[in-house]
Number of protein chains: 2
Amino acid sequence: MDESSLKPGDRDFVSALASGLEVLQVFDAEHPRMTLSEVAAQANMDRAKARRFVLTLHALGFVKRVGRQFELTPKVLQLGYAYQASNQYRAVIEQFLGDITAELGESSSLGVLDGQDVVYVVRSAARHRLMAITLSVGTRLPAVYTSMGRVLLSQLPDTELDSFLDSAELTPFTPYAIKSVAPLKEEILKARSQGFAIVDQELDSGLRSVAVPVYTSRNVLLGALNISTNAARVDMETLMTVYLPRLQDVAARVRAIAQ
Amino acid sequence: MDESSLKPGDRDFVSALASGLEVLQVFDAEHPRMTLSEVAAQANMDRAKARRFVLTLHALGFVKRVGRQFELTPKVLQLGYAYQASNQYRAVIEQFLGDITAELGESSSLGVLDGQDVVYVVRSAARHRLMAITLSVGTRLPAVYTSMGRVLLSQLPDTELDSFLDSAELTPFTPYAIKSVAPLKEEILKARSQGFAIVDQELDSGLRSVAVPVYTSRNVLLGALNISTNAARVDMETLMTVYLPRLQDVAARVRAIAQ
DNA sequence: TCAGCTTGTTCGTATTACGAACATCCGTGC
DNA sequence: GCACGGATGTTCGTAATACGAACAAGCTGA
């Protein structure tokens, strides 16, 4: 089978499926419920076409109707379930992350690389934080501006890393954010030699995080573990001397059990 | 717009989307990765057809190829993200559930009704439990055999409850499980009058759980909160005198903040 | 009440998805 | 090493499916 993906317009590309998934994905945090016309506008699609997809998703149970508006049903969670269930170490990682949160009072996550983004796969949220970090499983953030992304990129072979950096779009979120490829690559190579990555207020002001890679005992990369903190509360020294060793401890314990 | 859903074969039903989603859903805990032929067999679909859908999902980034096999990518988590993000009280409920887990050392969840099932929407897993309860967000379990399901059913109007029970399939999982509709309805009505439901070893041997409904201050049902325990470790009295009040406390606190 | 805008729906047909059949690959046994 | 059979990969004629222009119905504000 040819390695390169087929494209829209190819005979084997089912454009109706692509359009239907496009419709499913226009429901987002900003648009949790919409009329048919709003769906069509968001999806940049003919109204009659959007109608068919919404009605089909409704018939399949993925969308429900409230008056003239539509919104997703919990059945959509099932679409991600197999991915979650296929990670056999997910439950134990969740437990370890919960330990971190219980002990340090910080949010902690497992993320994986997906295209240009990091996707949150497991998450243990800190409690009683006024400065809320609003993330959930499935959230995607640009890899280049997250500690997890940087540490995962550092584990790529050079050719893959260079290829990634060639096509990386650097759109700074804060004044602190890296703006060009050369310093970014330095940070990634630094993460490689250190075995961890710290990102300080590059994704959002006040957001400081540290991440380490987590491997199985057979050296298969499971993802990156991180702790997210508030820069006003946690200084760099605490991050390095308390939080990082904690992460490294968890990564080692996962490695000891994960084949 | 007609309230009754359209059916396969109707002109407005996009069968290609339905088939594509069917293919996406044959990846499950038992079949996390499959060849094209295996996908076709699981989906009960012509091989060439399954190929087109798998190739399209691959082109869209939802599926990746490993040799001759295909598996889901973390991008599928994005399909559920909007549902999660649209629940504006999710983060705070997650925090409260985390408190329960920290305090009692038990798993705690928020679930909602979806068809005949309860779907886990928020989950805080207990740590260091040898008797593992393997669930994740997106997991579906039969409403009639779960405490959350029973308590959610108890909040339905009578006509809806009777309609649900008319079509309910009772397939007992354990010797303790209710086998017919009359005693089930009694349990549900009991849950309605008590304001909570307890299910004891009906879903799985050793699994004991208690659930309460959680409402907003405007009396909109958000779902059910539960605590799952091991019957060998937690007796009924502790469940009633320690765990249940804890749940009711959380439900009240959610109500106080949730509009 | 009426007009204008939005939402809901229909149906002729262009285009798309279908599957039978052919092509290629891989693993096993001699 | 080679042949064979089964599994996997792909093509292409065409049946049928999805498309969108246009009509129908509903809603809201003046």
Side-chain angles (χ1 to χ4, degrees), chain A residues 1-27 30-72, chain B residues 1-27 30-72:
Chain A
M1 188 183 286
D2 189 0
E3 266 301 335
S4 60
S5 325
L6 78 169
K7 299 172 294 301
D10 289 354
R11 286 187 70 138
D12 289 334
F13 189 88
V14 185
S15 58
L17 173 59
S19 298
L21 289 171
E22 184 72 33
V23 165
L24 197 45
Q25 283 174 100
V26 295
F27 290 91
E30 281 75 47
H31 311 90
R33 62 196 65 80
M34 291 184 271
T35 61
L36 269 183
S37 299
E38 285 165 343
V39 171
Q42 286 297 316
N44 199 24
M45 190 183 280
D46 178 77
R47 214 166 36 78
K49 183 178 179 177
R51 175 175 177 271
R52 276 193 295 279
F53 288 122
V54 170
L55 290 187
T56 300
L57 290 169
H58 179 261
L60 297 175
F62 293 106
V63 162
K64 74 180 169 187
R65 185 154 171 250
V66 185
R68 282 186 156 184
Q69 299 196 299
F70 295 88
E71 59 189 53
L72 299 181
Chain B
M1 193 184 287
D2 189 359
E3 266 300 335
S4 60
S5 328
L6 77 171
K7 298 171 296 300
D10 289 355
R11 287 187 68 139
D12 289 334
F13 188 89
V14 185
S15 57
L17 174 60
S19 299
L21 288 171
E22 184 72 34
V23 164
L24 197 46
Q25 282 175 100
V26 294
F27 290 91
E30 281 74 46
H31 311 89
R33 60 195 67 80
M34 292 184 271
T35 62
L36 270 183
S37 299
E38 284 164 344
V39 172
Q42 287 298 315
N44 199 25
M45 191 184 281
D46 178 76
R47 216 166 34 79
K49 182 177 179 177
R51 176 176 178 272
R52 278 193 293 279
F53 288 121
V54 170
L55 290 187
T56 300
L57 290 170
H58 180 261
L60 297 175
F62 294 105
V63 164
K64 73 180 172 187
R65 187 159 166 246
V66 186
R68 281 185 155 185
Q69 298 196 300
F70 295 87
E71 61 189 52
L72 300 180

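The sequence lines fix the lettering, A, B, ..., with proteins before strands; numbering per chain opens at 1. Keep in mind the model is a prediction, meaning the values are calculated, not measured.
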Using OP1 and OP2 only, check whether a side-chain N or O of A:Arg51 sits under 4.0 Å from C:dT7.
no
Below the 4.0 Å mark, does C:dT6 have OP1 or OP2 next to a side-chain nitrogen or oxygen of A:Ser37?
no
Check: B:Gln69 side chain, B:Val66 main-chain N or O, donor-acceptor pair, under 3.5 Å
no
Without swapping roles, check the side chain of A:Asp10 against the backbone of A:Asp12 for a donor-acceptor pair under 3.5 Å.
no
Ignoring hydrogens and angles, are the base of [N] and the side chain of [X] linked by a donor-acceptor pair under 3.5 Å?
{"X": "A:Arg47", "N": "D:dG20", "result": "no"}
{"X": "B:Arg11", "N": "C:dG12", "result": "yes"}
{"X": "B:Arg68", "N": "D:dG9", "result": "no"}

Integer-rounded Å distance: [N] [atom2] and [X] [atom1]:
{"X": "A:Leu55", "N": "C:dG8", "atom1": "CG", "atom2": "P", "answer": "9 Å"}
{"X": "A:Phe70", "N": "C:dT7", "atom1": "CZ", "atom2": "C1'", "answer": "10 Å"}
{"X": "B:Asp46", "N": "C:dC18", "atom1": "CG", "atom2": "C1'", "answer": "8 Å"}
{"X": "A:Lys49", "N": "C:dA14", "atom1": "NZ", "atom2": "P", "answer": "18 Å"}
{"X": "A:Leu36", "N": "D:dA24", "atom1": "CG", "atom2": "P", "answer": "20 Å"}
{"X": "B:Asp10", "N": "D:dA18", "atom1": "CG", "atom2": "P", "answer": "12 Å"}
{"X": "B:Leu57", "N": "C:dA17", "atom1": "CG", "atom2": "P", "answer": "13 Å"}
{"X": "A:Glu38", "N": "C:dT6", "atom1": "CD", "atom2": "P", "answer": "11 Å"}

5'-most contact on DNA chain D (nearest-nucleotide basis), A:Asp12 vs B:Phe13, goes to A:Asp12
Using a 4.0 Å heavy-atom cut-off, does [X] contact any base of the nucleic acid, only the sugar-phosphate backbone, or nothing at all?
{"X": "A:Ser15", "result": "sugar-phosphate"}
{"X": "B:Thr35", "result": "sugar-phosphate"}
{"X": "A:Ala48", "result": "base"}

Just verifying a value: how many Å separate B:Arg68 CZ and B:Leu36 CG, rounded to the nearest 0.5 Å?
9.5 Å
Only one of B:Glu71, B:Arg65, B:Lys64 passes side-chain contact (heavy atoms from CB on, under 4.5 Å) with B:Arg33; say which it is.
B:Glu71
Which residue lies toward the 5' end of DNA chain C, A:Arg52 or B:Ser19, if each is placed at its nearest nucleotide?
A:Arg52
Flag the pair B:Met34 / B:Gln42 as yes when at least one side-chain heavy-atom distance between them is below 4.5 Å, and no otherwise.
yes
